[in-house]
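Heads up, the thing below is written out as structure tokens.
These numbers come from a predicted model, not from an experiment. Every chain is numbered from 1, with letters handed out A, B, ... down the list of sequences.
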Amino acid sequence: MLTLRLIREEKDKLIKQLRIKNFEAEELIEKIIKLDDKRREFQLKKDNLQAQLNDISKEIGILYAQKKKEEAEQTKQKTIDIKEKIREYEDLLNDVESELNSIIVLLPNIPHESVPAGKTAEDNIIVKQAGDIPNLSIKKPHWDLIKEYDIIDFELGTKITGAGFPVYKSKGAKLQRALINFFLDQAEQVGYVEIQPPLIVNEDSGFGTGQLPDKEGQMYHIGLDNFYLIPTAEVPITNLYRNVILEEKDFPIKNVAYSACFRREAGSWGAHVRGLNRLHQFDKVEIVQIAKPENSYSVLEEMKNYVESLLIKLELPYRILKLCGGDISFTAALTYDFEVFSAAQERWLEVSSVSNFEDFQTNRLKLRYRPENEKKTRLAHSLNGSALALPRIMAAIIENYQTEQGIVVPKVLRDFTGFDIIEK
RNA sequence: GGAGAAAUGGCAGAGCGGUCGAAUGCGGCGGUCUUGAAAACCGUUGAGCUCGCGAGGGCUCCGGGGGUUCGAAUCCCUCUUUCUCCGCCA
């Protein structure tokens, strides 16, 4: 959610910048400013009336103290009219505020100045490509290999739940657990504090990170309790800092969390979502940082370099994309996507998305900090990234490391798996 | 799950329905004193919104939400959390 201050003060710049995201904001902004004007007017009127009422109440108090009961009773008459008016303005204010709140969330975050214009994923910029694409003698896609080696079972998952809920078995389960431990240990080494959050969140949390109200259909909803299954650990982790005022000494804030993630993915099933490419439940290790505004872009670079280091250690071919205005999410100001090359599918698979949200999330969250020697608080910046999402990494490892003898375990994972190869 | 008690500023802890945004102590910050520090003393010390060029003013916030009242930290309802006791349980 953009701040009203910014909308009012930098209207023209804002309209121009949002065109990068292919968003025509002018009409909406005019409407917001008009509503905000009304809001201020009603607020002021209500406050003034309230001040009058407060004065009268004090007067009555004093009269009672002086035992002037008659006069006190008379003075009470004066409040009747004022109270009525206050109620009127309260109603007006509530209406205008709820309308304002419902439309201000329609404005997307402003893209960073380096975000390229563009309509689709085709227009993203490849920032870097590295790692060798393996020259495979056999080239089976992972959905065949997992059956052959009996390490992941989709049919069983369908029996238990439904499509998109695979069952990981034996060495498949262990490989996945090895990856999780590897990712968590790596993050810990560079200063991330591990968190195990709830996997179910309430409405306030969903609103805080922007899943609600607009992306409601993406999450599984538990109607009886009005809770949501998390689509990513970003939701509980970032909400840890909802309504918090940080001190200078609290920075940097770096959290890492492993969690299962649940996504309904309604309507997004198609030809390229076979096997592990898209699931309703999957595992992910997520990194989150809360930063001071002046640092947030260097923090983003740091996070980008960290994610890259994981892919280098796993010896997977990867590329880094800077998302264009058309592909970047509603909430992000700048996003880097990481893709690994899945050698049998011969496709790039997105395995991480690292973003700076600037103060778009923190404005909703009311996450502020107090700069040293300043009285006023300011909104902090929030950033997050996958480090990494498991299924597509699994897919890429299974495909890229396949040999005649079996699926070779990447070197860095062997201490975690306790085996070097998955055989039939 | 049952019974009881509680929730107040960074922390501890007062607060008969009426000059209470809140005593007091600790902590923090500024100052006096000191070569420096400590001690002592004095002052200061929450947030949000808003009006004003500014000085300064107004409104709201005592776990969350609602209510009673001219007036609520204080009374009522409700939810949440914590503690004590009992029961149950991985």
Side-chain angles (χ1 to χ4, degrees), chain A residues 1-9 32-101 104-105 196-208 212 222-228 236 239-251 253 290 293 359 361-380:
Chain A
M1 184 166 78
L2 295 173
T3 62
L4 272 167
R5 173 167 316 190
L6 184 91
I7 294 169
R8 295 188 77 101
E9 288 173 7
I32 288 169
I33 291 175
K34 255 185 211 146
L35 280 169
D36 189 46
D37 285 341
K38 269 194 189 166
R39 199 202 91 222
R40 286 169 184 230
E41 183 198 326
F42 295 151
Q43 181 77 55
L44 186 66
K45 285 190 170 151
K46 195 196 124 198
D47 283 358
N48 287 337
L49 288 164
Q50 188 65 54
Q52 282 182 42
L53 185 64
N54 288 346
D55 284 344
I56 294 172
S57 294
K58 257 180 201 168
E59 237 176 84
I60 294 172
I62 293 166
L63 289 173
Y64 273 118
Q66 294 170 345
K67 310 263 191 237
K68 295 178 182 167
K69 227 175 169 180
E70 286 285 305
E71 266 180 75
E73 289 298 329
Q74 264 177 7
T75 310
K76 280 188 195 178
Q77 301 302 314
K78 287 201 267 182
T79 65
I80 297 168
D81 192 39
I82 295 174
K83 283 183 78 167
E84 182 55 38
K85 278 193 195 146
I86 289 175
R87 233 166 274 143
E88 277 169 33
Y89 279 112
E90 235 161 38
D91 289 345
L92 287 170
L93 195 60
N94 283 341
D95 289 350
V96 85
E97 272 181 349
S98 65
E99 197 182 345
L100 186 59
N101 288 339
I104 196 170
V105 297
Q196 283 191 21
L199 305 182
I200 294 176
V201 295
N202 59 28
E203 230 177 345
D204 285 348
S205 297
F207 183 79
L212 296 176
I222 302 169
L224 202 57
D225 300 293
N226 198 22
F227 288 153
Y228 294 87
N239 273 285
L240 254 25
Y241 305 97
R242 169 151 44 93
N243 250 317
V244 165
I245 298 174
L246 297 163
E247 300 294 330
E248 201 81 27
K249 65 175 161 51
D250 298 322
F251 293 101
I253 291 182
I290 309 298
D359 62 9
Q361 281 186 332
T362 55
N363 184 34
R364 280 192 175 205
L365 291 163
K366 294 201 168 55
L367 166 50
R368 294 154 294 176
Y369 78 105
R370 197 189 316 279
E372 200 132 60
N373 303 321
E374 271 186 46
K375 212 173 149 52
K376 273 281 186 187
T377 57
R378 282 191 221 165
L379 291 170

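One finds a side-chain N or O of A:R40 lying less than 4.0 angstrom from the OP1 or OP2 phosphate oxygen of B:C51.
Using a 4.0 Å cutoff on non-hydrogen atoms, no part of residues 84-99 of chain A comes near RNA chain B.
Looking at residues two or more places apart in sequence or on another chain, you find no side-chain contact (heavy atoms from CB on, under 4.5 Å) involving A:K34. Applying the ring pair (Phe, Tyr, Trp, His ring centres under 6.0 Å) criterion to A:F251, with sequence neighbours excluded, gives A:Y369. Scanning for side-chain contact (heavy atoms from CB on, under 4.5 Å) contacts around A:K46 gives A:I86, A:Y89, A:E90, A:L93, with sequence neighbours left out. For A:N363, the side-chain contact (heavy atoms from CB on, under 4.5 Å) test picks out A:M1, A:T3, A:L379, with sequence neighbours left out. The side-chain contact (heavy atoms from CB on, under 4.5 Å) check on A:K85 picks up A:L49, A:D81, with sequence neighbours excluded. Taking the salt bridge (Lys or Arg N to Asp or Glu O under 4.0 Å) definition, one finds that A:E99 meets it with nothing, sequence neighbours left out. Looking at residues two or more places apart in sequence or on another chain, you find a salt bridge (Lys or Arg N to Asp or Glu O under 4.0 Å) between A:R39 and A:D36. Residues passing the salt bridge (Lys or Arg N to Asp or Glu O under 4.0 Å) test with A:D91, sequence neighbours excluded: none.
To the nearest whole angstrom, the two C1' atoms, one in B:G17 and one in B:C76, are 13 Å apart. Taking the C1' atoms as reference points, B:A38 lies 36 Å from B:C20, given to the whole Å.
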Show each protein N/O and nucleotides 10-12 of chain B N/O combination with a separation under 3.5 Å, one pair to a line.
none

At a cut-off of 3.5 Å, list every protein nitrogen or oxygen paired with a nitrogen or oxygen from nucleotides 76-80 of chain B, distance to 0.1 Å.
none

Protein-to-nucleotide contact annotation, 5' to 3' order, nucleotides 56-72 of chain B [B base; S sugar-phosphate only; - none; under 4.0 Å, heavy atom]: --BSS---------BS-
